[in-house]
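Here is the structure we will look at.
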Amino acid sequence: MRKMRLGLSFVVAAVSFLLLVACGDDDSDFATRPSEGPSSSSVIQQSSSSVKSSSSVASSSSEKAVSSSSKVSVPVEVTTGTMTDSRDGQMYKTVTIGTQTWMAENLNYEMDSSFCYNDSAKYCAKYGRLYTWAAAMDSVGTWSANGKGCGFEKTCSPTYPVRGICPDGWHLPTKAEFETLFTAVGGQSTAGKMLKSTTGWAAYSGITNEDAFAFSALPAGYRYYYGYYYFEGSNAYFWSSTESNRSYAYSVCLYYNNDNAYLGNGGKGYGFSVRCLQD
């Protein structure tokens, strides 16, 4: 019995470690997790309007989301549309939240150092691909020189915005741009709730995802350095273009069992999802 308890403790510790290094390590932003703020809710008020958009956006519709709390009530314009990646013809949903226009789906452009969860094409169709940070930054300079040379065990000084692996006219968001998104949807302590899709996530008592701004984040999990895959159905991880140090870059993590959006360090060799932001 004692051996069984020790074995279970080891498994729990191992899983906890994997969660930590995937988005946290010892970064202060991650270690000091957002305090539980006032509860937040969103009301979508349907309206129709014409929206000025780039040539890559094929269609759009406009909504107004109102994030409310005990302190603020700020209307946020939400515009949905589509864009097509000219490199492979794939079409993606888009959403404008306040001043930012995001892909509302994970990038699924195939290249070296990109992967399907469990090496199965069905997961790429569902979640998009998982990219190492070097691949996300386009470290070889295929599309632009802004992230050239950025990769594992290399300290780099990218020129922003970094197009990276994103389509022309789009870029890999910085840590600060993710923080702008969190503010627009009501704050980091409830951003997970507001940004996660209402379906596809593992159930957890007391957690109800709202997808109030049509960002529709799905739990794609991640790829570990050595080719193992973890947390599909439970967690989502997104790369930023902001480096932390030679081994880590800032990433965003969303978990099935709470409402927060976490900012922390992801190991550059991990495979995370990519959401591109329009220039």
Side-chain angles (χ1 to χ4, degrees), residues 18-19 21-25 27 85-90 92 102-103 105-175 177-178 217-232 235-254 264-277:
L18 285 169
L19 274 168
V21 297
C23 197
D25 197 57
D27 176 72
D85 189 340
S86 62
R87 297 171 298 183
D88 60 6
Q90 290 194 74
Y92 297 90
W102 294 84
M103 282 187 174
E105 299 176 87
N106 296 345
L107 188 67
N108 191 33
Y109 182 75
E110 184 174 0
M111 62 169 295
D112 290 343
S113 298
S114 69
F115 311 91
C116 297
Y117 191 91
N118 274 351
D119 300 318
S120 173
K122 71 177 183 179
Y123 290 107
C124 274
K126 184 176 183 180
Y127 296 123
R129 301 186 74 85
L130 302 172
Y131 300 86
T132 65
W133 193 67
M137 292 288 284
D138 185 23
S139 65
V140 297
T142 301
W143 309 110
S144 76
N146 288 14
K148 191 170 183 178
C150 292
F152 185 66
E153 293 300 319
K154 295 179 181 177
T155 301
C156 66
S157 299
T159 303
Y160 295 104
V162 176
R163 175 181 172 180
I165 189 58
C166 294
D168 186 29
W170 298 72
H171 64 272
L172 192 65
T174 63
K175 174 176 175 282
E177 287 173 325
F178 272 116
L218 288 170
Y222 79 98
R223 182 183 186 271
Y224 190 55
Y225 289 102
Y226 302 113
Y228 303 107
Y229 295 86
Y230 298 96
F231 304 121
E232 182 270 332
N235 303 335
Y237 306 87
F238 301 99
W239 281 126
S240 84
S241 58
T242 306
E243 184 179 63
S244 179
N245 56 47
R246 61 187 289 113
S247 300
Y248 294 90
Y250 282 98
S251 54
V252 170
C253 304
L254 306 177
N265 286 328
K268 290 179 178 179
Y270 286 22
F272 287 174
S273 300
V274 165
R275 284 292 183 100
C276 298
L277 181 62

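Model, not experiment: these values are computed from the prediction.
Note on ring orientation: taking the six-membered ring where Trp is involved, the planes of Y222 and Y230 are tilted (angle from 30° to 60°).
Looking only at distances, no side-chain donor or acceptor of Y224 sits under 3.5 Å from a matching main-chain atom of G269. In this structure a side-chain-to-backbone donor-acceptor pair under 3.5 Å is present from W133 to S240. Judged purely by atom type and a 3.5 angstrom limit, H171 has no side-chain atom pairing as donor or acceptor with the backbone of V162. Put simply, the side chain of T242 gets close to the backbone of K175: a donor and an acceptor are under 3.5 Å apart. N265 places no side-chain N or O within 3.5 Å of a backbone atom of Y248 that could act as its donor or acceptor partner. Although no hydrogens or angles enter the test, the distance criterion places a donor-acceptor pair under 3.5 Å between the side chain of R246 and the main chain of E153. Remark: the backbone N or O of R87 is paired with a side-chain donor or acceptor of D85 at under 3.5 angstrom.
Scanning all heavy atoms of the two residues, the minimum distance from G266 to S251 falls at N-OG, 3.5 Å. Counting all heavy atoms, side chain and backbone alike, V274 lies closest to C276 at CG1-SG, 3.8 Å. Across all non-hydrogen atoms, the minimal contact from A220 to S273 is CB-OG, 3.6 Å. Looking at every heavy atom in both residues, R275 comes nearest to A217 through NH2-CA, 3.7 Å.
By the 4.5 Å heavy-atom criterion applied to side chains, L254 and Y237 are not counted as neighbours. Looking at heavy atoms from C-beta onward, L130 lies out of side-chain contact with F272 at the 4.5 angstrom threshold.
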Original post:
Yes or no on side chain to side chain contact (heavy atoms under 4.5 Å, CB included) for W239 and T132, after CA distance, side-chain angles and deciding distance?
Top reply: CA-CA 9 Å; W239 281 126; T132 65; 5.6 Å; no
**OP:** List the steps and the verdict of side chain to side chain contact (heavy atoms under 4.5 Å, CB included) for M137 and L172.
**Re:** CA-CA 7 Å; M137 292 288 284; L172 192 65; 3.6 Å; yes
Original post:
Would E232 and Y127 satisfy side chain to side chain contact (heavy atoms under 4.5 Å, CB included), going step by step from the backbone distance to the final call?
Top reply: CA-CA 9 Å; E232 182 270 332; Y127 296 123; 2.4 Å; yes
**OP:** For side chain to side chain contact (heavy atoms under 4.5 Å, CB included), just list the numbers for N146 and R163, CA-CA rounded to whole Å, side-chain angles, deciding distance to a tenth of an Å, and then say yes or no.
**Re:** CA-CA 7 Å; N146 288 14; R163 175 181 172 180; 5.9 Å; no
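Not a single ring pair (Phe, Tyr, Trp, His ring centres under 6.0 Å) links F238 to another residue, sequence neighbours left out. A search for salt bridge (Lys or Arg N to Asp or Glu O under 4.0 Å) contacts involving E105 returns nothing, not counting sequence neighbours.
Counted by atom type alone, N108 and Y92 present zero donor-acceptor pairs between their side chains at under 3.5 Å. Using a 3.5 Å distance cut-off with no hydrogens or angles, the side chains of E243 and T155 do not pair a donor with an acceptor. Under the 3.5 Å distance criterion, with hydrogens and angles disregarded, a donor-acceptor pair is assigned to the side chains of S114 and R129.
A cation-pi arrangement is absent between K268 and F152, since the terminal nitrogen or guanidinium carbon is not both under 6.0 Å from the aromatic centre and inside a 45° cone about the axis.
In summary, of the residues considered (Y131, Y229, Y228), a side-chain hydrogen bond (donor to acceptor under 3.5 Å, both in side chains) with R223 occurs for Y229 alone.
Around CG of D88, the count of heavy atoms belonging to other residues, nucleotides or ligands within 6.0 Å exceeds 12.
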